[in-house]
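Every heavy atom of this structure was used, including side-chain atoms; hydrogens, water molecules and symmetry mates were not. Labels below follow one simple rule: chain letters A, B, ... track the order of the sequence lines, proteins then strands, and each chain is numbered from 1.
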Amino acid sequence: MPGGLDTHAAIRWRTAAKAGENQGNQGKAEPMNLFADIRDAVADSIEALGRDGGLPAGLDPGNVTVEPPRDSAHGDMATNAAMVLARPAGMKPRDIAEKLAQRLAGDARIASAEVAGPGFLNLRLAPEVWAGVVRTVLERGADYGRSDMGRGQRVNVEFVSANPTGPLHVGHTRGAVFGDALASLMRFTGHEVTREYYINDGGAQVDVLARSVYERYREAHGRVPEIAEGLYPGDYLVAVGQALKDKVGDAFLDRDEEVWLDEVRAFATEAMMETIRADLASLGVRMDVFFSEKSLYGTGAIEAAIEALREKGLIYEGGLEPPRGKTPEDWEPREQTLFKSTEFGDDVDRPVKKSDGSWTYFAPDIAYHYNKIERGFDVLVDVLGADHGGYVKRMKAAVAALSNGRVPLDIKLTQLVKLYRDGVPFKMSKRAGNFVTLRDVVERVGADVTRFVMLTRKNDAPLDFDFARVLEQSRDNPVFYVQYAHARICSVLRKAEAAGFDLTAAADSGPGLEDEAEFALARKLAEWPRLVEIAARSHEPHRVAFYLYDLASAFHSLWNRGNEKPELRFLHEGDAAATAAKIALPQAVAVVISAGLAILGVTPATEMR
RNA sequence: GGCCCCGUAGCUCAGAGGAUAGAGCAACCGCCUCCUAAGCGGUAGGUCAUAGGUUCGACUCCUAUCGGGGCCGCCA
């Protein structure tokens, strides 16, 4: 690397204007997102070249990206600028790349810029840049990687929303973890996030619940419960029946349903929601809003939502075509109230009101989403089980219609969780009501493990959850592997403190990076802000889990390099300067691991047991 | 019959339209007098299901087909 490098300039590379964003940082304006900064530099170069005639003026750098190359032999960062601009500039990609390379070579951060392949520009950054990344991490601490990408946009993440008829099960667990992590992720990227649960307390299923609880109530009075086909048989209702007895005594005994139905339904629903809230709490999930479907009935809310659609000319009375293919025996044309969802990409218009005049399930859902829009959210996210796949197009259509296209609705479907124990499928008894609950899972493996494992797959891929394997302490268990990295660092820091080293000095004296394994780790740290933004933009929190695994891997790798090269170890007995130089990097890694785990809702381990 | 998801190494899976497609496991070969070897390094392993299309460039986007899974089959 050039000996005459102005390290001072290299560290303080932010222009004065940009540094303004970082006021209150005592003038130490280190970059937050290195990739964004270098991309800015490329864009600036394009503009400058446009001014002095090297390139046509006014080129749009919108599609220019700066990203880590697949192969690190290609350098630290690569930009596609020349290829993207070739057509609008009317020039050959490699010619553009050459001009950019010359320009960028004047940037103190950039050690070399080489044209490669069809017109890639491969950039190698000055060693000081990577040391600067480590310092930035230590300065920012838990805020490193936080961004204002969301610009305060109000996001509503609706998740779990299980029917209030029983405790949460494994499927809900995945949705709960996903939604919660996504909410944290979006908050980290500058969105204002509301976690919301939609209580389906308005449909027939809560009547069934009430009748089921009534039988348990009778049971509490010493009667034999009659759990008819279709009622909920689960034991968890026994206590609810008892509680009902404690509350109302024998007031409902041997009375007609009309006497007790409303009250028992309300009582049972509340009891179930208490259970569900406790289930969520055991996972560390806290909702901001519980929204009751029932609150939409009798208040004109549904009517208003349908009316809003009608005003847009999207509601009509009519019949649907019989289903294509074989027509069911009992099919007959029926007049009903339909929403023109086909105008927004749905396959067929959807009924909102049945021929008997009652609402379909779709109607309150429309009203609920209308309510979210009216509450002023800018972005809606629904996290649903994959069995709701058929619902996606019509709901997106409704939201597009009601918000005039202003509010995007993203529906994330979480696929099945398959349970195993030591590779053997976990058989659930066919007896209805006997399923593996969220509590079962959390009690067996703990909330941290549950959460991390649930995020080691994309939401739309099925997930295998093996009770034995997730507790295994080996490299192929990502939870352990990441936690182990963090614990190792904590162990080192404990020893450093015990040896009397001043850890706060490490950040100031700065890391001395020399080995490729150290640079690799610093590069990984530099990717964090970028990774966070990509994950938030695509609503994919699993990317955080995968990143942490990669980061841990780079760390373990460096750790073992210390076997061959003792000078790379983090602790150097009796040598404060050497220790300060080496300990900053693992400190920074610990900061990012705990920041990442915080987004996933996982507590970092400080030691392994 | 319709809709949704998936198809990448023997297995489980990553992969913002970029270069020679990457990890882990399993296999094989190495590394502990040294901060936790609960770890690390290396070798081997591929028609990214198939066929078209879009473009400077496709595992990635579009269409069709095949295969696996799921939901629905009608007042969803």
W559(A) over rG39(B), stacked by centroid distance under 5.5 Å, angle under 30°: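 Answer is no, no stack.
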H74(A) ring over rA19(B) six-membered base ring, under 5.5 Å and 30°: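 So yes, this residue stacks on that base, both cut-offs being met.
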No-hydrogen, no-angle side-chain donor-acceptor test under 3.5 Å, H369(A) and D382(A):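 Yes, D382(A) and H369(A) have a side-chain donor paired with an acceptor closer than 3.5 Å.
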Can you find a donor-acceptor N/O pair under 3.5 angstrom joining the side chain of [X] to the base of [N]?
| X | N | answer |
| --- | --- | --- |
| N560(A) | rG39(B) | yes |
| R543(A) | rA14(B) | no |
| S355(A) | rC75(B) | yes |
| N122(A) | rA19(B) | yes |

Pairwise 5' ranking along RNA chain B for G562(A) and L413(A), keeping only the more 5' one: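 Closer to the 5' end of RNA chain B: L413(A).
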So what does [X] touch, heavy atoms closer than 4.0 Å: a base, only the sugar-phosphate, or nothing?
| X | value |
| --- | --- |
| N80(A) | base |
| K353(A) | nothing |
| E67(A) | sugar-phosphate |
| F120(A) | base |
| H542(A) | sugar-phosphate |
| F480(A) | base |
| D476(A) | sugar-phosphate |
| F362(A) | nothing |
| V84(A) | base |
| A496(A) | nothing |

From rG41(B), rC6(B), rC75(B), nucleotide with atom closest to T360(A) side chain: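 Per side-chain heavy atoms of T360(A), the pick is rC75(B).
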Minimum-distance nucleotide to R569(A) side chain [options: rC34(B), rG15(B), rC35(B)]: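 Nearest nucleotide to the side chain: rC34(B).
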Phosphate OP1/OP2 of rU36(B): any K495(A) side-chain N/O under 4.0 Å: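 Answer yes for this pair, as a side-chain N or O of K495(A) is under 4.0 Å from OP1 or OP2.
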Distance below 4.0 Å between S491(A) side-chain N/O and rU36(B) OP1 or OP2: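 True: S491(A) side-chain N/O within range (under 4.0 Å) of rU36(B) OP1/OP2.
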Lys/Arg N to Asp/Glu carboxylate O, R561(A) vs E518(A), below 4.0 Å: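 Salt bridge flag = no for E518(A) with R561(A).
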Dump the pairs, protein N or O against N or O of nucleotides 57-67 of chain B, anything under 3.5 Å, distances to one decimal.
{"from": "rC59(B)", "atom 1": "N4", "to": "R70(A)", "atom 2": "NH2", "distance (Å)": "2.5"}

Whole angstrom value for the distance that separates [atom2] of [N] from [atom1] of [X]:
| X | N | atom1 | atom2 | result |
| --- | --- | --- | --- | --- |
| E527(A) | rA14(B) | CD | C1' | 14 Å |
| R537(A) | rG17(B) | CZ | P | 12 Å |
| D550(A) | rC40(B) | CG | P | 12 Å |

